[in-house]
Amino acid sequence: MKKMMLAFQFLTILPFGSSQKVADEEIGGSSALFVPGGFLQGVLLILADYLLTAIFHPDLVIALVILILVLSNGGFHLDGLADTFDGLAIKSTGETEADRERRLTVMKEGATGPAGAAAIVFALALKYLAIKNISNFPYFTYYSSLLFMPMASKWTVVACMFQGNPARLNGLGAVFIRGTGGKEMIISTMIFFFMLLLVPLSFGKYAPDDSLFLFSLAALFFLYLLSRIWVILSERKFGGLTGDILGALSEFAEIIFLFMVITWSRLFT
């Protein structure tokens, strides 16, 4: 229970904090429960959509749902996306170590540059347009996408931390990366599929057949590949992973997941 509260505390702005001192091992191990944190966000998005639909135009509802998603984690994933792209915008001088240090320094400064601002705009626009597209699909596809989108992104972050190494020796990101091993990866995957089996029961007659399970297998496969590519890119450009880079991956994973929903629905349903 303590690790779950830690996961919720680090993934959301909801009041799950504790005054007790927490060891680094407990913080790192809480990554195994990132997926339930994503589930909590997904439930929040569904409730928001359901309640707001009775008042506002569907297009405005989607914008508000995305706003709630951003606010639910304090916007730190978007902040990580902006910092990461500002770092990537630094031109290479041919000196690998010096270039990596410059990128890390720019990311740590926190001031958002043109590349970071553009990344935020495109990320929000792509999410809005993708969710708007999915809103034309059956109810189950739409609501299950809102539910599984944050879950899938959290799982992708766990997969990335499992594979990668920290770019800095200190910091919260380094604690999570060092604390995420095979056990955390297995637990995270098992929880994802457990929730996957429960969700169709909640939708009753609106739930499809085995297509959700098959889609989820394909989605996790491609998201794992995304995490692998992200690790390689981060090693090359930054010398490893940071909290900002993981936040950027979370944003990317949500967009890729929505695109996969659209593609799967067009081709196989």
Side-chain angles (χ1 to χ4, degrees), residues 7 10-11 24-25 27-32 34 37-38 70 73-124 126-127 150 152-182 184-185 188 222-257:
F10 290 118
L11 293 175
D24 286 353
E25 292 76 14
I27 295 175
S30 69
S31 63
F34 274 16
V70 173
N73 58 36
F76 69 86
H77 288 163
L78 281 176
D79 180 66
L81 178 72
D83 289 344
T84 299
F85 269 79
D86 282 336
L88 290 172
I90 299 297
K91 294 183 179 180
S92 176
T93 62
E95 299 180 8
T96 302
E97 291 301 323
D99 290 339
R100 288 174 176 173
E101 192 59 36
R102 287 178 62 213
R103 294 186 184 106
L104 291 173
T105 299
V106 167
M107 292 170 64
K108 195 172 183 179
E109 288 175 351
T112 302
I120 291 177
V121 170
F122 275 101
L124 293 176
L126 289 173
K127 278 187 197 178
S153 72
K154 302 302 183 292
W155 182 89
T156 308
V157 169
V158 175
C160 188
M161 293 191 296
F162 168 64
Q163 300 174 76
N165 297 299
R168 299 188 181 103
L169 297 178
N170 302 315
L172 189 58
V175 172
F176 275 113
I177 295 164
R178 286 195 295 263
T180 303
E184 286 73 24
M185 183 67 191
S188 182
F222 283 107
L223 289 174
Y224 187 86
L225 289 181
L226 172 64
S227 71
R228 185 59 194 160
I229 293 171
W230 206 248
V231 168
I232 294 173
L233 175 65
S234 300
E235 290 284 351
R236 187 171 300 172
K237 295 294 185 179
F238 302 99
L241 301 170
T242 68
D244 284 334
I245 293 172
L246 294 172
L249 174 63
S250 180
E251 291 293 324
F252 258 105
E254 288 180 353
I255 295 170
I256 296 300
F257 176 82

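Below, each value reflects all heavy atoms present in this structure, side chains not excepted, and no hydrogens, waters or symmetry copies. These numbers were taken from a predicted model, which means no experiment stands behind them.
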CZ (Phe222) with more than 12 external heavy atoms under 6.0 Å: no

Quick one: are [X] and [Y] in side-chain contact, heavy atoms under 4.5 Å?
X: Ser234; Y: Ile245; answer: yes
X: Thr105; Y: Glu101; answer: yes
X: Met161; Y: Glu184; answer: no
X: Leu241; Y: Cys160; answer: yes
X: Leu246; Y: Ile177; answer: yes
X: Asp244; Y: Phe76; answer: no

To the nearest 0.5 Å, what is the distance between [atom1] ([X]) and [atom2] ([Y])?
X: Thr84; Y: Trp230; atom1: OG1; atom2: CH2; result: 6.5 Å
X: Phe162; Y: Ser227; atom1: CZ; atom2: OG; result: 10.0 Å
X: Leu81; Y: Phe122; atom1: CG; atom2: CZ; result: 12.0 Å

Trace of the side-chain contact (heavy atoms from CB on, under 4.5 Å) decision for Arg100 with Phe238: CA-CA 5 Å; Arg100 288 174 176 173; Phe238 302 99; 5.6 Å; no

Could you point out which residue of Leu233, Val231, Thr156 forms a side-chain contact (heavy atoms from CB on, under 4.5 Å) with Leu249? Thr156

For Thr180 and Ser31, which I'm curious about, is there any donor-acceptor pair between the side chains at under 3.5 Å? yes

Can you give me the closest heavy-atom contact between [X] and [Y], atom names plus distance?
X: Pro150; Y: Glu254; result: CA-OE2, 4.1 Å
X: Met107; Y: Thr242; result: CE-OG1, 3.5 Å
X: Gly240; Y: Ala167; result: C-CB, 3.6 Å
X: Ala115; Y: Ala89; result: CB-CB, 3.8 Å
X: Gly87; Y: Val106; result: N-CG1, 4.3 Å
X: Asp86; Y: Gly116; result: OD1-N, 2.8 Å

ring-ring contact (aromatic ring centres under 6.0 Å, His included), that's the test. Do Phe176 and Phe34 meet it? Break it down for me. CA-CA 11 Å; Phe176 275 113; Phe34 274 16; 5.4 Å; yes

Quick one: does [X]'s side chain have a donor or acceptor within less than 3.5 Å of a partner on [Y]'s backbone?
X: Arg168; Y: Leu104; result: yes
X: Arg103; Y: Lys237; result: yes
X: Asp99; Y: Thr93; result: yes
X: Gln163; Y: Ala159; result: yes

In terms of ring plane angle, is the pair Tyr224 and Trp155 parallel, tilted or perpendicular, where the classes change at 30° and 60°? tilted

For side-chain contact (heavy atoms from CB on, under 4.5 Å), just list the numbers for Leu78 and Leu124, CA-CA rounded to whole Å, side-chain angles, deciding distance to a tenth of an Å, and then say yes or no. CA-CA 9 Å; Leu78 281 176; Leu124 293 176; 4.0 Å; yes

Could you give me the CA-CA distance, side-chain angles and deciding distance for Glu235 and Asn165, then say whether side-chain contact (heavy atoms from CB on, under 4.5 Å) is met? CA-CA 8 Å; Glu235 290 284 351; Asn165 297 299; 3.8 Å; yes

